[in-house]
Structures are given as C-alpha cells and as structure tokens.
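Worksheet: one structure, shown below.
Order of the sequence lines fixes the chain letters, A, B, ..., with proteins taken first and strands second; residue numbering starts at 1 for each chain. Reckoned from all heavy atoms, side chains included, excluding hydrogens, waters and symmetry mates. The structure presented is a predicted model; accordingly, all values stated were derived computationally and were not measured.
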2 protein chains.
Amino acid sequence: MGIKERKEREKGARREEIINAAERIFFEKGFAPATMDEIAESAELSKGTLYLYYKSKEDLYIAVLLRGSEIMYEMFKKAIATDENPIRHLFNLGEAYFAYFQEQRNYFRMYYFLENPRIHSQVSSEMMEQCELLDTRIWDLVVGIIRRAVEGGLLRDDVDPLEAGVMLWSNSNGLMRLIDRDEWAWTGKHGLNLEAMLRKANKLLVQAMMTEKAKASFDDLVTPARP
Amino acid sequence: MGIKERKEREKGARREEIINAAERIFFEKGFAPATMDEIAESAELSKGTLYLYYKSKEDLYIAVLLRGSEIMYEMFKKAIATDENPIRHLFNLGEAYFAYFQEQRNYFRMYYFLENPRIHSQVSSEMMEQCELLDTRIWDLVVGIIRRAVEGGLLRDDVDPLEAGVMLWSNSNGLMRLIDRDEWAWTGKHGLNLEAMLRKANKLLVQAMMTEKAKASFDDLVTPARP
DNA sequence: TCGATCAATGACTATAAGTCATTTATTAGG
DNA sequence: CCTAATAAATGACTTATAGTCATTGATCGA
C-alpha cells in the first residue's frame, strides 16, 4: 500500500511549490514588503494553506534560505574536489564564495538580513536546527582544508584553523556586503575595483599565515596545474 | 521680538525629546517590533505629534542613528588629535572604531540594520543628506590619515588611500558583526579571541602596505610615546 | 456507498503605521 | 483685557497585513 508514501511525496512537493512562490516574492521585495497573501497567490493557494505547511512568515523565509546554503555547500564541495594542494583549495574556496555572491546574490542578501534579530526569534526550532546543520557542514569543509594546509607544512603550525577561517570569512563578508550595499558609490564615483581588493586582502592574510618555505613557492602553489 | 527664536528653540527641543524616546524604544526592541504608539507614550506625546516632527518611523530611526554617527565622528577626531605619526594615528582610528563598537553597541547595530533596503526607501531626502554629510566627514578623516602616511613615506606610494581605508574598514566590520551576532558561539564554544583576531588582521593588512623602512621600525612607530 | 480522515479555504481578529478633522494653546492687535 | 488668527497637539479613523479557525471539499478504507 503506497498511499501513505504518495501522500508523503505530495506533501513534500507542495512544500517545495510554496518555497518556489516564496522565493519569487522574497527575491523581488525582501522580507518586510513581501506579504503572505502575495506568496499565496503566487503559489495558487490560499493563505491558510501556507500556514499549514510553515509556522510563520519567518519560517518560510528560512526555508528559502536553506536552499541557498545548500547551493553554497555544493559549490564549496566542488571547489575542493580536485587533487590540488590545500593552499590552492583555500583560494578555490575563496573564489567559490565570491562566485556564490555574484551568481546567487539574492540568497546572499537574504542570508545577511538574518542578522536582524526580529527574524531569529520567530523561527521554529526545526528550521534553526537545519540551519545550524548546514552551517556546521560548510565550516567543517573550510576548517578541514586549513587544517590540512597546516599539517602539510604550508601554513605555519601556530595557525589555528578555525581562527584563520573566521578571519578570512569575515574579511570577505565585510567587503562583499559593501559591494552589495553600494558598489556604485565606490566603483563609479571613486574608481575602486572592489573585486580586486577582496582578492588582494585575502591573499595578504593567507600569505601572512604561510610558512617561509611555502611563501617562497607561492606562485607554484596557487597557479592551477597546466596538464 | 524673540518669540520666533524661542519657538524655534522649543521646536528643536521637542525634536530632541522625541529622539530620546525613540532611542529608548529602538535600543530596547529594534526597528520592527518598536511601535510608534510606544514611542509616543514614552515621549508623553500623542502619535500624531510624532508625525508633525518626523515624516515616518524610518525617518525617526535615522534621526536616532545620526546621533550615533556624531559620537563616532567625535571619537575619531579625538583619536587623531595628537602629534603622533600617521601610522600610529591609523591604529588609533582602529582602536576608536572598536571602542565605538563596544561602548555604543546599540548605535552600531542600528547602523547595520540600515542595509535593509526597506528602511532606505522610506527616508526623507533631508535625512539622507545629513547621513551622507556625516559619512563623508568620517571618511575624509580616515582617508586623510592614510594619505599622510603615504606622503610621509610610511606606507608604500602605490597604496591608494581610499582603497586602503575601505579594506581596513570592511575587514573590521566583517569581524565586528560576527562578534555582535554570535560572539558566544565562537568565544565560548571554540575558545577564539575575536578581539585579538581583529587587531591581528588589521595589523597584517597595514604591515602589508608599509614601506620596508617603516616596517623595520614598526614597534617604534606604533608604540605610544613614553614621556 | 458512506462515514472518517485529511487538505484547503477565506472570512475574521488583532495589531500597527499613518492621516486628518477637531480641540487646545499661544500670539498680536485693538 | 478681550478677541480673532495662527500654531500645536490630539486621538479616532483608515488601511494594510500577519496569523487563526470554523466551515467546506476531497480522498480513503471498509
């Protein structure tokens, strides 16, 4: 008797359809100006039904976000699925994060709106758990690469992998948010190349953590192998 | 006949009283959960009166924020009102920004909630202009110090002062927001010292921009003079 | 075929931003 | 001191939207 299974599937599909609709509206308008009625209409459902599948507007917002984090995780995994050295992997991760920022800007924005505590406090615990799970998976990836770079003698052994990860991450975030918020003011008016600055700052930070030996062969390490 | 002048003064005072009330409520609850009725009650005025003095909730929010920026500007000015060298001034500015972050956390938070475009779009043009004016004044301060460091041969002459400023600023912001958002997760659970990391990252970035000569006497440059 | 269970609906409630006709206070002139 | 004119303040009202729940409709198992 596959009825239970089919119902389960249909329920899942409906949840997805709702996320699709919510995504369209949130991408277009952001959190506050988006209305549940709009999302319901876009999903061709009544508002009541939305609340059958998601506890609150905030929960729905997080559900959309989780897709973004899933995409980021996949991009990160692909970035280090090569047999290159850990330093190269680290730069690959940096490039992957920047690519995510460029190609998935809507998700990036949504994620950082999260800092608003308003959202946080209205989210169901299941959603929070899923968020933390994905967060952990992504951090494990990043920290793992840095640890291997330390173990392989490429980064100094007084480098704490988590600390290094946080430093690079927050440096990238700071600039990306600046770019996202008012890129034009900096690039157009003052002629800055923010993307190049981001690469430069991260490179400086990584170099400052490298062993003398690794620094000497920096170019070999970070240049992609030519077959 | 000073009646007109007195009225002007009283109007200004009332505007201040309203900001005081709004500040109390916004500090306590953040933007969305704060209500205009609450603010009105806290100011011992009716809601209608609030709208006589400020165009919208968003405008009132910005008015509070401007106080914060004013405080930051004063702190920055004081940080460089010494006869020390420009590198030392640059570190002073970094310390001043961190002090602002620690001592005026509420303003810091409010400022970064600004990134929410919802707010932006509802603000009157007068408020926007005031914001930009203060922003410009602060940036002029920072960029001016870096320019003097370049001119004085302490930073390499291929360093663009604005670019350097943006790099240091966004690096600091990235970490401060991380600290603000979930300091405990990093310090408590993983034993990181985020404050030390912030200083370290900024130091690395500055050192990477210094001339060889200045780097050689780094300690002398950044150590406060002992009389 | 029919009662039971599950899914969906939309009218309804509560809350909060913003408005405006009315009321209250202040000023200037006679 | 009185009064008309002007300015300031009020709060009931309008509108918008998140979230609820009694009712309706669909699907299932026997």
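- Rounded to a whole Å, the NZ atom of A:Lys57 is 8 Å from the C1' atom of D:dA18.
- Nucleotide D:dG19 holds its P atom 10 Å from the CG atom of A:Leu60, rounded to whole Å.
- Residues forming a ring pair (Phe, Tyr, Trp, His ring centres under 6.0 Å) with A:Tyr73 (at least two apart in sequence, or on another chain): none.
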Per-nucleotide protein contact string for nucleotides 21-27 of chain D (B base, S sugar-phosphate only, - none; heavy atom under 4.0 Å): -------

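- Taking atom CD of residue B:Gln122 and atom P of nucleotide C:dA17, one finds them 12 Å apart after rounding to whole Å.
- Within the helix from C:dT1-D:dA30 to C:dG30-D:dC1, the inter-axis angle between the opening and closing five-pair segments is 10°, rounded to 10°.
- Distance CD (A:Glu38) to P (D:dA16): 13 Å, rounded to an integer number of Å.
- Taking atom NZ on B:Lys47 and atom C1' on D:dA8, their separation rounds to 18 Å, with Å as the unit.
- Heavy atoms of A:Ala40 sit nowhere under 4.0 angstrom from any nucleic acid atom.
- With sequence neighbours excluded, the residues forming a side-chain contact (heavy atoms from CB on, under 4.5 Å) with B:Phe91 are B:Ile87, B:Lys203, B:Val206, B:Phe218, B:Val222, listed by chain and number.
- Shown for residues 9-28 of chain B: residues whose heavy atoms fall under 4.0 angstrom of DNA chain D, namely B:Arg14.
- Put simply, OH on B:Tyr61 is 14 Å from P on C:dA17, counting in whole angstrom units.
- Salt bridge absent: B:Arg14 and B:Glu10 never bring a charged side-chain N and a carboxylate O closer than 4.0 Å.
- Side chain of B:Ser46, nearest nucleotide from D:dT10, C:dA8, D:dT17: D:dT10.
- Remark: B:Lys11 pairs with B:Tyr53 by the side-chain contact (heavy atoms from CB on, under 4.5 Å) rule, at least two apart or across chains.
- Every ring pair (Phe, Tyr, Trp, His ring centres under 6.0 Å) that B:Tyr97 has, sequence neighbours left out, goes to B:Trp169.
- Contacts of B:Lys200 classified as side-chain contact (heavy atoms from CB on, under 4.5 Å), with partners at least two apart in sequence or in another chain: A:Glu163, A:Met167.
- Residues passing the side chain to side chain donor-acceptor pair (under 3.5 Å) test with B:Arg199 are B:Glu95, B:Glu195, sequence neighbours excluded.
- Among the protein residues, A:Tyr54 comes within range of no part of the nucleic acid, since none of its heavy atoms lies under 4.0 Å from any strand.
- Considering all non-hydrogen atoms of both residues, A:Ser69 and A:Leu134 come closest at CB-CD1, 3.5 Å.
- Under the rule for a side-chain contact (heavy atoms from CB on, under 4.5 Å), the partners of B:Glu103 that lie at least two apart in sequence or sit in another chain are B:Met75, B:Ala99.
- Checked against side chain to side chain donor-acceptor pair (under 3.5 Å), B:Arg15 has no partners two or more places apart in sequence or in another chain.
- B:Phe108 meets the ring pair (Phe, Tyr, Trp, His ring centres under 6.0 Å) test with B:Phe101, B:Tyr112; sequence neighbours excluded.
- Atoms CG (B:Leu45) and P (C:dT24) sit 17 Å apart, rounded to a whole Å.
- Distance, B:Met36 CE to D:dT15 C1': 16 Å, rounded to whole Å.
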